**Student:** 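Can you keep this structure in mind? I'll have questions shortly.
Naming convention: chains lettered A, B, ... in sequence-line order (proteins, then strands); numbering from 1 in each chain. Every value quoted in this text rests on a predicted model; they were computed, and no experiment measured them.
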Protein chains: 2
Amino acid sequence: MLDEPVYVAVDVVCLTLQAETIVLMVRRSHEPFLGAWSLPGGSVRRDEDLEEAARRILSEGLGPHQPRHLEQLASFGAPNRDPRGRVVSVSYLALLPKPVEPQSAAQWWPVSAPPELAFDHGRILVSAIERLRGKLSYSNVAYGLLPEEFTLSELQAVYEAVLDRAIDKRNFRKKVLSLEMLEEAEGQRRGSHRPAQLYRFTAPGLVLLDDVITA
Amino acid sequence: MLDEPVYVAVDVVCLTLQAETIVLMVRRSHEPFLGAWSLPGGSVRRDEDLEEAARRILSEGLGPHQPRHLEQLASFGAPNRDPRGRVVSVSYLALLPKPVEPQSAAQWWPVSAPPELAFDHGRILVSAIERLRGKLSYSNVAYGLLPEEFTLSELQAVYEAVLDRAIDKRNFRKKVLSLEMLEEAEGQRRGSHRPAQLYRFTAPGLVLLDDVITA
DNA sequence: CCAAAAGTGTTCTCTGTACACCCATGT
DNA sequence: ACATGGGTGTACAGAGAACACTTTTGG
């Protein structure tokens, strides 16, 4: 039953916001696709869980920064997806609150205009965006793209950037506050304008909502 | 980069309805977990895609019957999840319109009271049910549990069995007909009662809805 | 005083929900 | 005739969506 070992790789779609949604890519230093851009990826080691592998691979592109959110996307295993042989790739979605400075071979790209990608990484990127868009409406997954404390405008900016559409401020506030997933934090965010109340999510980590954020 | 080959298995959660939701299990004929029940599973072959492997493995439990719907669930890769060594399992959800007669080592079990399962298959089963429940509301995935043509009562029975709650008949009909995902078929279903109009889904395969079925 | 973002309510429409009876057939 | 599931409409309440002005700060 256990014949036919294959290689298992993990590829990570690491997203954050900088006005628009951006994604971390690395330039390949080996064949195949030498010099092309690809998602950060690598083989799973014998003693590590898939999610551990995703964190290790991500740290090769980002240094010691941990993602705020990390979840599995899907696995891709077409027999010829890698010219070197049989490689099954398990993809992960990672979310960061800010674009940290990437390591040398890595670079941030806008999701709206990514480079040509090696392997089937274009498809993986598309599936990551779709997952994130869907999950915004029925979960608090936006926490992955925000610092611990944030203003309602910053939260709304996450929704607007990912969904790529404007949202009414009053309706959005009414809705998210009614969901009881936020609580007021101590301070205010100051700038050259009226200070903004800070909030945080009541529960740590991912929470699926009964209700749906439509606003 | 491509060190450390591991074994890749596919495990299939095959569901159908028979009054309640039931799931296909096979009795293991080898160690580990000899004699225990498990999901139908097996190694991926060198030349087959993951989904092909799922179909092949499913046919070992079901014979030549094809599932109406097949989709990937998630991958599980804890280093010690299989005592024989490093095995990454890619799980699939398969849906059938009717419980076909299983092959010798296979048997249908009610999802509400499954047997003790080998490996981490209990977790995989739970994640399959959750996926199906969620997807009923925002897709036409119920087609996988129905024949090509079906009555509105049969469609409603799918929702009631999977969600495990009663649904109002008038509201349900109003809602699903308003979604324009159904069209009338030619015949009627007859029985010792008024004949029922047959319907079919307008589009073949899975369609994600803009709207949500709440009824 | 000006610019910038924060904050706040009301109205209307639409959708979800609750609810009960007659209809067509088979036996 | 009776049992069985098929099929239908209305009224109410709650949620989504549209919409504009005042407030507070920094410069």
**Student:** Drop me the distance from B:Arg55's CZ to B:Asp49's CG, to the nearest 0.5 angstrom.
**Tutor:**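 These two atoms lie 10.0 Å from each other.
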**Student:** When only distance counts, do a donor and an acceptor, one from the side chain of A:Arg189 and one from the base of C:dA6, lie under 3.5 Å apart?
**Tutor:**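 No, the side chain and the base share no sub-3.5 Å donor-acceptor pair.
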**Student:** Can you tell which of A:Trp109, A:Phe119, A:Trp108 makes a ring pair (Phe, Tyr, Trp, His ring centres under 6.0 Å) with A:Trp37?
**Tutor:**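 Of all the options given, the one that passes is A:Trp109.
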**Student:** Using the rule ring pair (Phe, Tyr, Trp, His ring centres under 6.0 Å), only one of B:Tyr199, B:Tyr143, B:Phe201 pairs with B:Phe150; which is it?
**Tutor:**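 Going through the options one by one, the only one that passes is B:Phe201.
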**Student:** Measure OH/B:Tyr159 against C1'/C:dG16 and give the value in whole Å, please.
**Tutor:**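 The answer, rounded to whole Å, is 16 Å.
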**Student:** Would you check, one step at a time, whether the test side-chain contact (heavy atoms from CB on, under 4.5 Å) holds for A:Thr214 with A:Ser137?
**Tutor:** CA-CA 7 Å; A:Thr214 49; A:Ser137 75; over 6 Å; no
**Student:** Does B:Ser153 place a side-chain N or O at less than 4.0 Å from the phosphate oxygens OP1/OP2 of D:dG5?
**Tutor:**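 For D:dG5, neither OP1 nor OP2 has a side-chain N or O of B:Ser153 closer than 4.0 Å.
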**Student:** Both A:Lys175 and B:Gln197 contact DNA chain D. Which one's nearest nucleotide lies toward the 5' end?
**Tutor:**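 It is B:Gln197, whose closest nucleotide lies nearer the 5' terminus.
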**Student:** Send over the distance from B:Glu184 CD to D:dG7 C1', rounded to a whole Å.
**Tutor:**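 In whole Å, D:dG7 C1' and B:Glu184 CD are 12 Å from each other.
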**Student:** Choose from D:dT24, D:dA17, C:dA18 the nucleotide whose nearest atom is closest to any side-chain atom of B:Asn171.
**Tutor:**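 Selected nucleotide: C:dA18.
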**Student:** Would you mind telling me which residue lines up with the more 5' stretch of DNA chain C, A:Pro195 or B:Val212, judged by nearest nucleotide?
**Tutor:**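 By nearest-heavy-atom nucleotide position, the 5'-most residue is A:Pro195.
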**Student:** Take atom CZ of B:Arg173 and atom P of C:dT17, then tell me their distance rounded to the nearest Å.
**Tutor:**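 Answer to the nearest Å: 18 Å.
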**Student:** Using whole Å, report how far CD of A:Gln188 lies from C1' of C:dG7.
**Tutor:**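 Between C1' of C:dG7 and CD of A:Gln188: 13 Å.
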**Student:** Of the nucleotides D:dG16, C:dG7, C:dA24, which one has an atom closest to the side chain of A:Ala196?
**Tutor:**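 Given the options D:dG16, C:dG7, C:dA24, the side chain of A:Ala196 is closest to C:dG7.
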**Student:** Quick one: B:Phe172 CZ to C:dA18 P, roughly how many Å, whole number?
**Tutor:**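 Result: 16 Å.
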**Student:** Whole Å only: how far is the CD1 atom of B:Ile213 from the P atom of C:dT15?
**Tutor:**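 Taking CD1 of B:Ile213 and P of C:dT15, I get 15 Å after rounding.
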**Student:** Rounded to the nearest Å, what distance is computed from the CZ atom of residue B:Arg194 to the C1' atom of nucleotide C:dT27?
**Tutor:**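 Spelled out: CZ on B:Arg194 to C1' on C:dT27 is 19 Å.
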**Student:** Nearest of C:dG26, D:dA17, C:dA6 to any side-chain atom of B:Ser192?
**Tutor:**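 Of the candidates, C:dG26 comes closest.
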**Student:** Hey, could you give me the CZ/CG distance between B:Arg133 and B:Asp164, rounded to the nearest 0.5 Å?
**Tutor:**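 Answer for the CZ-CG pair, B:Arg133 versus B:Asp164, is 6.0 Å.
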**Student:** If you look at every strand shown and take non-hydrogen atoms under 4.0 Å, does A:Arg190 touch a base, only sugar-phosphate, or nothing?
**Tutor:**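 The answer is sugar-phosphate, as A:Arg190 gets under 4.0 Å only of primed atoms, P, OP1 or OP2.
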**Student:** Which one, D:dT25, C:dG7, D:dA18, comes nearest to the side chain of A:Lys169?
**Tutor:**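 Output: C:dG7.
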**Student:** Between A:Thr214 and A:Arg170, which is nearer to the 5' end of DNA chain D once each is assigned its nearest nucleotide?
**Tutor:**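 First, find each residue's nearest nucleotide; the 5'-ward one identifies A:Thr214.
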**Student:** How many whole angstroms separate atom CD of B:Glu160 from atom C1' of D:dG5?
**Tutor:**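 Going from B:Glu160 (CD) to D:dG5 (C1'), I get 13 Å.
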